[in-house]
Amino acid sequence: MILVGEGPAQARNEIRSMLADAGHRPNQRLGQNFLVDPNIVRKIVATAGLDAGTRVVEIGAGTGTLTGTLAEAAHRVIAYEIDGSLEPILASVLAERDNVEIRIEDAARIDLDVELPEGSWTMVSNLPYNVGTGIVLDALRGAPRIDRFVVMVQREVADRMLAAPGTKVYGLPSVIVGLHARGVRAFTVPPHVFEPQPTVASAVIVLDRIDAPSQAPRAIELASAAFGQRRKMLRRSLSLVVERTEETLLSASVDPTARAEDLSPGEFVAIARAEEAR
Ligand code: SAM
């Protein structure tokens, strides 16, 4: 294998020839845009702040470029890949790594909290664009073993996940992220570092888990109903899901004439608490 700079990250020519040798054509439907810039791979791994004790879960191993670099820095890596035709490439690229387990599975259909061994985990991934958002939001809600996420997503997805109340892109994903994590955008990534090149830019975000309030699941149901009719005032958009809507909103110190996008994640929690107190 040709090594570029330090570590096992793969460059464009190398990835092209590995794919060609295996008769593999990147599958757009599976979001197969492989990272071909070793510097970006190393930047992602550096951002993850791994040490020799860190357990890492990766979604979408691809040709194993990020996987190998993660394995070098971490204690253990479990990497999911849906496309079984990449298995021979992964087996060869990762042959000398005894701390990596490749699982050929659809990561959108598994319960990571059950599948990952006990202990705390960091998710580090260049996520497939089609299922990546759902996987992160589900893991935030249902896989508390993952306490840190360092993930690359499309730039607009990053914007939506990290949006503040009152902005145009603030919505349900922002509320789910806000209830479970402190999030920052680490850096943006241009299309030319991928093979094949996507049409849009990407961004790496870091989400550090915080303790979510016990009312978070109900707050998410409320936010889902409210954003389902985001142009309507809350007294209307929540009328079917919150009993005595106006009174409950007022007791949560929420203005019934406000709209979904005006409410912080904490205010959706306040409505859920007001329901409990009734
Ligand atoms: N990690 C590699 C890299 O950075 O070059 C590949 C990243 S590529 C953006 C996303 C990868 O996720 C692809 O290899 C694709 O086959 C895989 N993938 C797509 N959907 C998946 C799913 N539901 N479960 C697991 N892997 C999936």
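Start at 1 with the first residue, then count along the sequence. Atoms within each ligand, like the ligands themselves, are counted from 1 in listed order. Excluded from the calculations below are hydrogen atoms, water molecules and symmetry mates; all remaining heavy atoms, backbone and side chain alike, are included.
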Peer 1: Kindly determine whether I135 and M123 satisfy side-chain contact (heavy atoms from CB on, under 4.5 Å), including the steps that lead there.
Peer 2: CA-CA 11 Å; I135 288 173; M123 180 184 285; 4.1 Å; yes

Peer 1: Only heavy atoms of D106, strictly under 4.0 Å: list the atoms of ligand 1 that pass.
Peer 2: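 This gives 22 (C), 23 (N), 24 (N) as the contact atoms.
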
Peer 1: Is there at least one pair of N or O atoms, one from N33 and one from ligand 1, spaced under 3.5 Å apart?
Peer 2: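 Checking ligand 1 against N33, no N or O pair falls under 3.5 Å apart.
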
Peer 1: For T65, counting its heavy atoms only, list the atoms of ligand 1 lying under 4.0 Å from any of them.
Peer 2: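 This gives 5 (O) as the contact atoms.
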
Peer 1: With the threshold set at 4.0 Å, does a side-chain nitrogen-carboxylate oxygen contact exist between E221 and R218?
Peer 2: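 Yes, E221 and R218 are salt-bridged.
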
Peer 1: For atom 12 (O) of ligand 1, what's the nearest protein heavy atom and its distance?
Peer 2: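 Closest protein heavy atom to atom 12 (O) of ligand 1: G60 CA, 3.1 Å.
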
Peer 1: Check ring-ring contact (aromatic ring centres under 6.0 Å, His included) between Y129 and all other residues, then give those that pass, not counting sequence neighbours.
Peer 2: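 ring-ring contact (aromatic ring centres under 6.0 Å, His included) list for Y129, sorted by chain: empty.
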
Peer 1: Starting from atom 19 (C) of ligand 1, locate the nearest protein heavy atom and write down its residue, its atom name and how far away it is, to 0.1 Å.
Peer 2: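 The closest one turns out to be L30 O, 3.1 Å.
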
Peer 1: Is T63 in polar range of ligand 1, meaning some N or O pair under 3.5 Å apart?
Peer 2: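 By distance alone, the answer is no.
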
Peer 1: Which option out of I82, L35, I110, V153 puts a heavy atom nearest to atom 21 (C) of ligand 1?
Peer 2: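 Nearest option to atom 21 (C) of ligand 1, by heavy atoms: I82.
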
Peer 1: Find all atoms of ligand 1 within a distance of less than 4.0 Å from any non-hydrogen atom belonging to Q32, and give their numbers and elements.
Peer 2: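 Listed by number with element, the hits are 13 (C), 14 (O), 15 (C), 16 (O).
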
Peer 1: Identify the closest protein heavy atom to atom 4 (O) of ligand 1: which residue and atom is it, and at what distance?
Peer 2: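 For atom 4 (O) of ligand 1, the nearest protein heavy atom is N126 ND2, 2.9 Å.
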
Peer 1: Charged N to carboxylate O under 4.0 angstrom, R97 versus E72?
Peer 2: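 Looking at E72 together with R97, the answer is yes, because their closest N to O distance falls below 4.0 Å.
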
Peer 1: Ignoring hydrogens and angles, tell me if any N or O in the side chain of R148 forms a donor-acceptor pair with the backbone of A48 under 3.5 Å.
Peer 2: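 Checked: pair present.
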
Peer 1: Can an N or O of I135 be found at a distance shorter than 3.5 Å from an N or O of ligand 1?
Peer 2: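 No, there is no polar N/O contact under 3.5 Å.
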
Peer 1: Knowing that exactly one of N126, V36, V41, L70 qualifies, which makes a side-chain contact (heavy atoms from CB on, under 4.5 Å) with T65?
Peer 2: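 Going through the options one by one, the only one that passes is V41.
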
Peer 1: Please confirm whether N130 comes within less than 3.5 Å of ligand 1 when only nitrogen or oxygen atoms on both sides are compared.
Peer 2: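 Such a contact does not occur with ligand 1.
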
Peer 1: Atoms of ligand 1 less than 4.0 Å from A61 heavy atoms?
Peer 2: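 Taking each heavy atom of A61 in turn, ligand 1 has 1 (N), 2 (C) under 4.0 Å.
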
Peer 1: Answer side chain, backbone, both or neither: which part of R109 comes under 4.0 Å from ligand 1, heavy atoms only.
Peer 2: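 Neither part.
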
Peer 1: Evaluate the criterion side-chain contact (heavy atoms from CB on, under 4.5 Å) for residue pair I82 and Y80; output intermediate values, then yes/no.
Peer 2: CA-CA 7 Å; I82 196 171; Y80 289 88; over 6 Å; no

Peer 1: Indicate, as side chain, backbone, both or neither, the part of S125 found under 4.0 angstrom from ligand 1 when only non-hydrogen atoms are considered.
Peer 2: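 Contact part for S125 vs ligand 1: neither.
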
Peer 1: Inspect the contact between R182 and D208 and indicate whether a charged nitrogen and a carboxylate oxygen are less than 4.0 angstrom apart.
Peer 2: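 No.
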
Peer 1: Can you name the atoms of ligand 1, numbered from 1 with element, that are less than 4.0 Å from a heavy atom of E105?
Peer 2: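 Listed by number with element: 24 (N), 25 (C).
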
Peer 1: Decide whether T248 and R278 meet the rule of one side-chain donor and one side-chain acceptor closer than 3.5 Å.
Peer 2: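 Per modelled atom types, T248 and R278 side chains form a pair under 3.5 Å.
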
Peer 1: Near E58, which atoms of ligand 1 are under 4.0 Å from a heavy atom of that residue?
Peer 2: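 Those qualifying, in numeric order: 1 (N).
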
Peer 1: Heavy-atom contacts with V131 under 4.0 Å: which atoms of ligand 1 show up? List them by number with element.
Peer 2: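 Those atoms are 20 (N), 23 (N).
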
Peer 1: Report the residues that fulfil ring-ring contact (aromatic ring centres under 6.0 Å, His included) with F268, sequence neighbours left out, ordered by chain and then residue number.
Peer 2: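 Counting only residues at least two positions away or on another chain, F268 forms no ring-ring contact (aromatic ring centres under 6.0 Å, His included).
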
Peer 1: Below 3.5 Å, N or O to N or O, backbone or side chain included: is there any such pair between L127 and ligand 1?
Peer 2: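 No, since none of the N or O atoms of L127 sits under 3.5 Å from an N or O of ligand 1.
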
Peer 1: Are side-chain N/O atoms of R42 and N39 paired as donor and acceptor at under 3.5 Å?
Peer 2: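 Short answer, yes.
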
Peer 1: Let me see the working for L162 and L207 under side-chain contact (heavy atoms from CB on, under 4.5 Å), right down to the final yes or no.
Peer 2: CA-CA 9 Å; L162 302 179; L207 308 176; 4.0 Å; yes

Peer 1: Find all atoms of ligand 1 within a distance of less than 4.0 Å from any non-hydrogen atom belonging to A107, and give their numbers and elements.
Peer 2: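 Taking each heavy atom of A107 in turn, ligand 1 has 22 (C), 23 (N), 24 (N), 25 (C) under 4.0 Å.
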
Peer 1: What protein heavy atom is closest to atom 8 (S) of ligand 1, reported as residue, atom name and distance in Å?
Peer 2: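 The closest heavy atom on the protein side is G31 O, 3.3 Å.
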
Peer 1: Ligand 1 and D83, any nitrogen or oxygen pair closer than 3.5 angstrom?
Peer 2: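 No.
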
Peer 1: What is the closest protein heavy atom to atom 16 (O) of ligand 1, and at what distance does it sit?
Peer 2: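 Of the protein heavy atoms, E81 OE2, 2.6 Å lies nearest.
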
Peer 1: I'd like to know if the side chain of D21 and the backbone of M18 have a donor-acceptor N/O pair within less than 3.5 Å.
Peer 2: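 Absent.
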
